[in-house]
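Data first, discussion second: the structure below is written as structure tokens.
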Amino acid sequence: MQRIESGNVAAALGVMLAKTQVVAAYPITPQTPLTEKLSELIENGDLAAEYITVESEHSALAVCIGAASAGARAFTATSANGLLYMSEQVHWAAGARLPLVMCVVNRGVGAPWTVWNDHQDSISQRDAGWIQIYVNDHQEIIDTVIKAFRLAEAVSIPVMVCYDGYYLSHTYMPFDVPDEDKVDAFLPAFSYKHTLDPEHPENLNTVTMPFARADRDGVIQPGYMDIRHNLHQELRQALPIFEQIDSDYQAIFGRGGSPILSRYQCDGADYIVVAMGSLSNRIKDIVDELNGEGLKIGVLSVHLYRPFPQEQIIAALRDVKGAIVIEKALSYGNQGALFGDIKAVLYPCAQRPFIHSYIIGLGGREIKKADLYDAIKASCTASETFEDTSRWIGLNR
Amino acid sequence: MDDVKCIIRTSNSKPGPGDAGRTGSWRVERPVIDHQKCTPAKRQKSSCYLCWLYCPDGVISKELEPKIDLEYCKGCGICAQECPTGAIEMVEESSLIEEEKRSHAKN
């Protein structure tokens, strides 16, 4: 069924269709309408879930951790400083291998206080051990929320579905709402292997020695480092599993096919612009214009950011003349986060493109078409050698 | 997807002594019970047991002469703090170890 709604409502409908059993979330701009919609759906009886009200984001995720430990399908959502306030539990959920799904409605991080969009919030959590997916429009939001539950449950690793505050969360677009019966077939009821049971008490993630040791029954149990290595290995396995889940989804709903990276005009391109989120769609217009002027440029949108798709990035960029990374987050004191990741991936390649980096739109700074056009064109036509660091677009100095 | 199988390693375990290793080695001060002052020991009646109740590691036994499992006691001192008759004294572990070494050498 086609509907015209905001991105936040698209996310809420995805959570409803996934038959989520526990929702605990604390409102924060621009995520608030998502939690409001979920409480409305639960109040109306459209979603048979417990909505547990909490006093903070830290508690919101703690409640979801408890719920998932007890075998429930659980969801939360947040933005910016809310995500950072729950950060301790973010790391915990990954180490505890709980298949939660969280929407991060991307917003800049204070100080100074801002409510507007960039990607610094979720990028700052990239090393927490979660799967991170960045989506570009409303249809991708609802589809990805549903797929995220299946992915999280397949690998027992929590998934963040990240989408741009305001650009997607508060704008209205038409999208298809999948049929309930088909979603039920795609995403069966959840059963977690470690379920809390008062009859059979268990210790969950108590202090774990640096070394492997025998448990109560004399069975050798892994130490902390073994458990963390296993998380890393299984995060890497999430790549092919996500591709398979996407292809199952495509077989039922007819949408998908590029869950990890999506390519626009990349075949035969000399230059490729790399971006994440809704910015990728804006860049398509610039690329169309420049292609009309005789350049050969494509857009590569990175959806799956963690685990980082090394092989796919190499295949997409190895043979072009130049890659231009435009992003809304950075590792402060170093360079663009995605830029650094991409350079590292291409380093072992015998033949590799030049890579330029631009930082844009922090804290909602207007992203001007002319600025994008000038930067991309400069990168494709410049005779000078660019510095190996990020240039900032749109500064008002 | 059949060829990829997750092992899912976590630190979940069944409750039992030593789940967190031999934590007795963390101890700086050792609780020593004076049975002349300890209520159940003195009266030879099952009573009080506040030390047993408050011990966060569950290493104190509920006997007429309560015993502390030094293999796992971390020496937090809560039992000494809670004991209403002041029967539990926290004694520096190093001095006790020295004493034990000396008596061992004598024997």
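Because the structure is predicted, anything quoted here is derived from the model rather than measured. Below, chain A is the first sequence line, B the second, and so on; all start at residue 1.
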- Flag yes if more than 12 heavy atoms outside A/Met209 fall under 6.0 Å of its CE atom; otherwise flag no. yes

- Message: Other residues, nucleotides and ligands only: do more than 12 of their heavy atoms fall within 6.0 Å of CZ on A/Phe253?
- Response: yes

- Trace of the side chain to side chain contact (heavy atoms under 4.5 Å, CB included) decision for B/Asn12 with A/Asn203: CA-CA 5 Å; B/Asn12 299 350; A/Asn203 300 312; over 6 Å; no

- At a heavy-atom separation under 4.5 Å, does A/Pro201 approach chain B through its side chain, its backbone, both, or neither? both

- Note on the structure: To the nearest 0.5 Å, atom CG of A/Asn230 lies from atom OG1 of B/Thr10 at 9.0 Å

- Query: Distance from B/Ile8 atom CD1 to A/Arg97 atom CZ, nearest 0.5 Å?
  - Reply: 5.5 Å

- Task: Indicate yes or no for a side-chain donor-acceptor contact from A/Gln221 to the backbone of B/Ser11 under 3.5 Å, with no hydrogens or angles considered.
- Result: no

- Task: Inspect the surroundings of CZ in A/Arg236 and state if more than 12 heavy atoms from other residues, nucleotides or ligands are less than 6.0 Å away.
- Result: yes

- Between A/Asp226 and B/Arg9, is there a side-chain N and carboxylate O pair less than 4.0 Å apart? no

- Message: At a heavy-atom distance under 4.5 Å, which candidate from A/Ile227, A/Asp217, A/Val155, A/Asp215 has the highest pair count against chain B?
- Response: A/Ile227

- Message: My understanding is that only residues two or more places apart in sequence, or in another chain, count here; which of them pass side chain to side chain contact (heavy atoms under 4.5 Å, CB included) with A/Ser59?
- Response: A/Val54, A/Glu55, A/Ser56

- Message: Is it true that, when you exclude B/Gln44 itself, more than 12 heavy atoms of the residues, nucleotides or ligands shown sit nearer than 6.0 Å to its CD?
- Response: yes

- Item | Under 4.5 Å from any heavy atom of chain B - which part of A/Asn205 | both

- Message: Could you work out, with ring-ring contact (aromatic ring centres under 6.0 Å, His included) as the rule, every residue matching A/Tyr85, not counting sequence neighbours?
- Response: none

